[in-house]
Amino acid sequence: MEDFTPISASIGGALIGLSAVLLMAFHGRIAGISGLFSGTVFAAKGDRSWRVFFVLGLVAAPLVYWLAAAEKPAFDLEAGWPLIIAGGLLVGFGTRLGSGCTSGHGVCGLSRLSPRSMVSVVLFMAAGMATVALLKPPIGA
Amino acid sequence: MARNLMALLAGLTFGLGLVISQMVNPAKVIAFLDLFGNWDPSLAFVMGAALIVTAIGYRFVWLRPRPVLAESFQVPGNRKVDAKLATGAVLFGIGWGLVGLCPGPAIAALTIGGVPALGFLAAMAAGMLAFEVFDRRAAKPA
């Protein structure tokens with residue numbers, strides 16, 4: 001258990017929750033990023049522009065942090081290109097087929113006790129943990 | 001205009017949450033998923049804090065008859081667990097474990113993750129496009 005950061009994790013999580021509450025209060029929408037992002041192209045006309053602006057805010061956030069904190073946010077990606085492409089395809093297809101991801105099911109869905117979201121979260125967490133366990137050589141090997 | 005500006009603010013808030021919690025960093029996410037290895041439970045705190053704020057906030061928001069800038073609240077009413085939901089969640093989980101990026105961080109990482117982050121986002125968009133094609137075919141009567 002190195003690098004355990006419960007305080008920054010909780011502050012960040014609270015901001016994610018605040019964003020979800022803002023989007024519900026002002027737009028009446030769930031802050032589910034996979035559906036929100038996909039809808040920038042595939043949603044009905046007239047239901048796209050707010051999505052584009054949300055995505056722009058998301059993209060700008062690391063730069064805003066970088067400027068304010070004078071420190072580039074850490075980004076360490078170990079996976080090579082075959083895994084990056086396979087992972088991206090699976091995440092894109094899977095989140096749409098399963099109607100949501102970490103935000104839509106994990107935060108918004110669980111907070112309103114949706115049975116679909118509970119099943120989704122258990123399954124994607126288990127699948128993610130199993131994948132990491134299979135990819136990583138066992139400790140001591 | 002107000003709708004777009006508020007969406008921009010919500011997106012920025014979400015993104016700052018991802019950066020501050022380090023969920024935008026694939027190595028941090030992999031460490032959380034590495035339950036049987038060198039486990040870092042930090043991201044459980046991200047989810048926990050987000051859940052508490054959202055669960056309480058939603059209750060207050062839903063006391064209003066309608067959203068500030070929209071006609072009605074659009075909350076999914078479907079409560080039936082089906083094979084599509086389960087299959088999608090498992091496929092997503094595998095992809096998440098392979099790289100350590102889910103959709104929110106994948107988008108936010110565009111400005112800090114260089115070419116690999118861009119490649120992941122492009123593959124994710126392609127996966128979403130593939131779903132739209134698959135879904136429209138499945139919906140068409142034979």
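A, B, ... follow the sequence lines: proteins, then strands. Residue 1 opens every chain.
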- When Leu110(B), Leu18(B), Val29(B) are compared by non-hydrogen pairs under 4.5 Å with chain A, the top option: Leu18(B)

- Task: Could you go through the side chain to side chain contact (heavy atoms under 4.5 Å, CB included) check for Phe37(A) and Leu121(B) one step at a time?
- Result: CA-CA 11 Å; Phe37(A) 177 65; Leu121(B) 187 63; 4.2 Å; yes

- Message: For Asp47(A), give me all partners under salt bridge (charged side-chain N to carboxylate O under 4.0 Å, His left out), at least two apart in sequence or on another chain.
- Response: Arg29(A), Arg51(A)

- Query: Given that the side chain runs from C-beta out, which part of Gln74(B) has a heavy atom under 4.5 Å from chain A: side chain, backbone, both or neither?
  - Reply: both

- Query: Leu129(B) versus chain A, heavy atoms under 4.5 Å apart: side chain, backbone, both or neither?
  - Reply: both

- Which bit of Val61(B) is near chain A, if near means a heavy-atom gap under 4.5 Å: side chain, backbone, both or neither? side chain

- Message: Determine whether a donor-acceptor pair (N or O, by modelled atom type, separation under 3.5 Å) exists between the side chain of Ser21(B) and the backbone of Gly13(A).
- Response: no

- Item | Heavy-atom donor-acceptor pair, Thr5(A) side chain to Ser8(A) backbone, under 3.5 Å | no

- Identify which of Ser10(A), Gly28(A), Ala20(A) forms the greatest number of heavy-atom pairs closer than 4.5 Å to chain B. Gly28(A)

- Let me know if Ile112(B) has heavy atoms under 4.5 Å from chain A in its side chain, its backbone, both or neither. both

- Message: With a 4.5 angstrom heavy-atom cut-off, is it the side chain or the backbone of Asn78(B) that approaches chain A, or both, or neither?
- Response: both

- Under 4.5 Å heavy-atom distance to chain B, tell me which part of Leu113(A) shows up: side chain, backbone, both or neither. backbone

- Under 4.5 Å from a heavy atom of chain B, the part of Val121(A) involved: side chain

- So which part of Leu83(A) gets closer than 4.5 Å to some heavy atom of chain B, the side chain, the backbone, both or neither? both

- Task: In sequence, state the C-alpha distance, the side-chain angles, and the governing distance for Leu33(B) and Met129(A), and then conclude on side chain to side chain contact (heavy atoms under 4.5 Å, CB included).
- Result: CA-CA 5 Å; Leu33(B) 293 175; Met129(A) 285 171 175; 4.0 Å; yes

- Task: Would you mind telling me which of Ser103(A), Pro73(A), Ala74(A) has the largest number of heavy-atom pairs within less than 4.5 Å of chain B?
- Result: Ala74(A)

- Relative to chain A, which segment of Met6(B) carries a heavy atom at a distance below 4.5 Å: side chain, backbone, both, or neither? both

- Message: Quick one: does any side-chain atom of Thr54(B) pair with a main-chain N or O of Ala50(B) as donor and acceptor, under 3.5 Å?
- Response: yes

- Message: So does Ala89(B) get a backbone contact from the side chain of Ser120(A), meaning a donor-acceptor N/O pair under 3.5 Å?
- Response: no

- Query: Side chain of His27(A), backbone of Arg3(B): donor and acceptor closer than 3.5 Å?
  - Reply: yes

- Which one, Val24(B), Leu9(B), Asp34(B), Leu5(B), leads in non-hydrogen pairs under 4.5 Å with chain A? Asp34(B)

- Task: Please indicate whether Ile7(A) has more than 12 foreign heavy atoms, meaning atoms of other residues, nucleotides or ligands, lying under 6.0 Å from its CD1.
- Result: no

- Item | Top of Cys101(A), Ser111(A), Gly104(A), Gly98(A) for chain B proximity - count of heavy-atom pairs under 4.5 angstrom | Ser111(A)

- Most heavy-atom pairs under 4.5 Å with chain B, out of Ser114(A), Ala60(A), Ser99(A), Gly106(A), belong to Gly106(A)

- Task: Flag the one option from Leu91(B), Ile20(B), Asn25(B) with the top tally of heavy-atom pairs under 4.5 Å to chain A.
- Result: Asn25(B)

- When only pairs under 4.5 Å are counted, which of Trp96(B), Phe73(B), Phe32(B), Tyr58(B) shares the most heavy-atom pairs with chain A? Tyr58(B)

- Under 4.5 Å from a heavy atom of chain A, the part of Val53(B) involved: both

- Item | Option in Met118(A), Met125(A), Arg96(A) with maximal non-hydrogen atom pairs under 4.5 Å from chain B | Arg96(A)

- Message: If we define contacts as heavy-atom pairs under 4.5 Å, which of Lys80(B), Met23(B), Arg59(B) has the most with chain A?
- Response: Lys80(B)

- Where the side chain of Ser19(A) meets the backbone of Ala10(B), is there a donor-acceptor pair that is under 3.5 Å apart? yes

- Task: Return the minimal non-hydrogen interatomic distance between Met47(B) and Thr102(A), and the atom names on each side.
- Result: CE-O, 4.5 Å

- Query: Between Val133(B) and chain A, which part of the residue has a heavy atom less than 4.5 Å away: side chain, backbone, both or neither?
  - Reply: neither

- Ile52(B) portion near chain A, given a 4.5 angstrom heavy-atom threshold: neither

- Residue selection (most heavy-atom pairs with chain B, distance under 4.5 Å) from Leu123(A), Thr95(A), Asp76(A): Asp76(A)

- Message: Between Lys28(B) (side chain only) and Asp3(A) (backbone N and O only), is there a donor and an acceptor less than 3.5 Å apart?
- Response: yes

- Item | Contacting moiety of Thr87(B), where chain A heavy atoms sit under 4.5 Å | both

- Select, from Leu43(B), Asp82(B), Val90(B), Val68(B), the one with the greatest count of heavy-atom pairs under 4.5 Å involving chain A. Val68(B)

- Flag, side chain of Ser34(A) to backbone of Pro103(B), donor-acceptor distance under 3.5 Å: no

- Looking at Ala43(A) and Arg48(A), what are the two nearest heavy atoms and their distance? O-NE, 2.8 Å

- Query: Contact part of Pro76(B) toward chain A, heavy-atom cut-off under 4.5 Å: side chain, backbone, both or neither?
  - Reply: both

- Could you give me the CA-CA distance, side-chain angles and deciding distance for Val91(A) and Phe124(A), then say whether side chain to side chain contact (heavy atoms under 4.5 Å, CB included) is met? CA-CA 10 Å; Val91(A) 168; Phe124(A) 73 63; over 6 Å; no

